[in-house]
> 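Before I ask anything, let me first share the structure, which is written out below as structure tokens.
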Amino acid sequence: MAMVVFFLGSRDSETTPEENLSVSEVAEVVSEPDPVIPPLPPMPDLSVERIDEIVDANADAFTSWMTVSDLDAYIKILNSGHSKSFWDRGHWIIAVEGRWHEGDMQFRIAYEAMASKNVQWRYKINQSQNEFARSIDLLNRQGFRLVHSQSFERPDRTKRFQGVWQKYS
């Protein structure tokens, strides 16, 4: 079993203690309705020359479903050929989903151009309920708000959680 955690680095800032969520409250957080974003058809060839065109065309929509290694490769493609990462160039992840499909975990992300540079964000995938509750608690204490969450069930009936957090400066 592997856990993958991605985050955007940011400057240190004072944290404001906020209400902590217990593990039992995670179910309420995760049960919020997800935004309705239509899935895309399979992604075309992602050569460096085409990536900016594809990103602009696919803003506000989910990528195709990908394994963890495919998601890593996709993010590397978004970053390749540039001195700054795709995220440093003004994009952010607004939603993340996971599923169990044909014997493997798969994930997809929705991203868009950031409307403001005064925001920090984090996302996490493939977390157990306890890990997700700890992430909610830690990020809440750092001033982040959970803005999107989703879960899926594996064949062994354990749930895996994904989330996106934002913090405005």
Side-chain angles (χ1 to χ4, degrees), residues 1-11 30 34-117 119-132 134-136 138-139 142 144-167:
M1 176 170 33
M3 180 177 84
V4 177
V5 177
F6 299 94
F7 64 93
L8 175 70
S10 61
R11 59 178 160 68
V30 180
D34 292 334
V36 178
I37 302 173
L40 294 174
M43 294 297 285
D45 176 32
L46 295 179
S47 63
V48 174
E49 297 79 32
R50 295 235 328 119
I51 197 66
D52 288 330
E53 177 185 325
I54 292 166
V55 168
D56 291 341
N58 293 336
D60 299 328
F62 279 103
T63 61
S64 299
W65 288 101
M66 297 176 253
T67 63
V68 171
S69 60
D70 288 343
L71 182 58
D72 286 342
Y74 180 74
I75 290 172
K76 285 179 184 175
I77 289 170
L78 291 174
N79 292 331
S80 65
H82 299 276
S83 60
K84 290 184 174 182
S85 76
F86 184 69
W87 316 122
D88 289 336
R89 293 191 326 269
H91 298 86
W92 63 348
I93 292 176
I94 58 170
V96 61
E97 294 185 342
R99 71 178 183 181
W100 186 265
H101 183 71
E102 296 180 359
D104 205 358
M105 286 187 294
Q106 296 180 341
F107 300 92
R108 65 184 185 173
I109 59 174
Y111 54 85
E112 66 183 11
M114 294 171 64
S116 169
K117 299 290 184 190
V119 66
Q120 300 171 44
W121 59 277
R122 306 278 188 275
Y123 81 99
K124 296 183 184 254
I125 62 173
N126 191 26
Q127 292 195 302
S128 69
Q129 186 170 355
N130 288 336
E131 291 167 332
F132 194 62
R134 283 192 298 270
S135 292
I136 290 171
L138 175 66
L139 291 168
Q142 293 175 2
F144 287 87
R145 293 270 193 231
L146 182 65
V147 296
H148 180 267
S149 62
Q150 184 264 348
S151 67
F152 67 94
E153 192 171 283
R154 293 169 40 120
D156 65 2
R157 311 219 15 108
T158 58
K159 283 198 170 184
R160 305 308 291 177
F161 295 83
Q162 291 64 238
V164 177
W165 289 259
Q166 296 173 357
K167 174 183 175 179

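Because only heavy atoms are used, hydrogens play no part in the values below, and waters and symmetry mates are left out as well, while side chains stay in. In this text, all values refer to a predicted model and were calculated from it rather than measured experimentally.
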> Looking only at non-hydrogen atoms, find the nearest pair between S135 and Q127 and report the distance.
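What the structure gives for the nearest pair is OG-NE2, 3.0 Å.
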
> Who are the salt bridge (Lys or Arg N to Asp or Glu O under 4.0 Å) partners of D156, not counting sequence neighbours?
R154

> I need the S149 OG to E97 CD distance, nearest 0.5 Å.
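It is 10.5 Å, given to the nearest 0.5 Å.
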
> Identify, with sequence neighbours excluded, every residue that meets side-chain contact (heavy atoms from CB on, under 4.5 Å) alongside K159.
S151, E153, F161

> Check for me whether the distance between the ring centres of Y111 and H91 falls short of 6.0 Å.
no

> Looking at R99 and Q106, would you say the former's side chain and the latter's main chain have a donor-acceptor pair under 3.5 Å?
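No; zero donor-acceptor contacts below 3.5 Å.
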
> Nearest 0.5 Å please: distance from the CH2 atom of W100 over to the CZ atom of R160.
10.5 Å

> On a heavy-atom basis, which atom in L78 and which in R89 lie closest, and how many Å separate them?
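Taking L78 first and R89 second, the nearest heavy atoms are O-NH2, 3.4 Å.
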
> I'd like to check W87 versus I75 (side-chain heavy atoms, cut-off strictly below 4.5 Å). Are they in contact?
yes

> Just how far is it from atom NE2 of H101 to atom OG1 of T67, taken to the nearest 0.5 Å?
12.0 Å

> Does the side chain of L71 reach to within under 4.5 Å of the side chain of I109, using non-hydrogen atoms?
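With C-beta onward as the side chain, the pair touches.
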
> For residues L139 and K124, determine if any side-chain heavy atom of one lies less than 4.5 Å from a side-chain heavy atom of the other.
yes

> What distance do M114 atom CE and Q120 atom CD have between them, rounded to the nearest 0.5 Å?
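These two atoms lie 9.0 Å from each other.
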
> A side-chain contact here means heavy atoms from C-beta on lying under 4.5 Å apart; do W165 and I136 qualify?
yes

> Hey, could you give me the CD1/CD distance between I93 and E112, rounded to the nearest 0.5 Å?
11.5 Å

> Please round to the nearest 0.5 Å and tell me the distance separating atom OH of Y74 and atom CE of M66.
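Result: 6.0 Å between the selected atoms.
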
> Under a 3.5 Å distance rule, please check whether Q162 uses its side chain to pair with a backbone N or O of N126 as donor and acceptor.
yes

> Quick one: closest heavy-atom pair of I94 and H148, and the distance?
O-CB, 3.7 Å

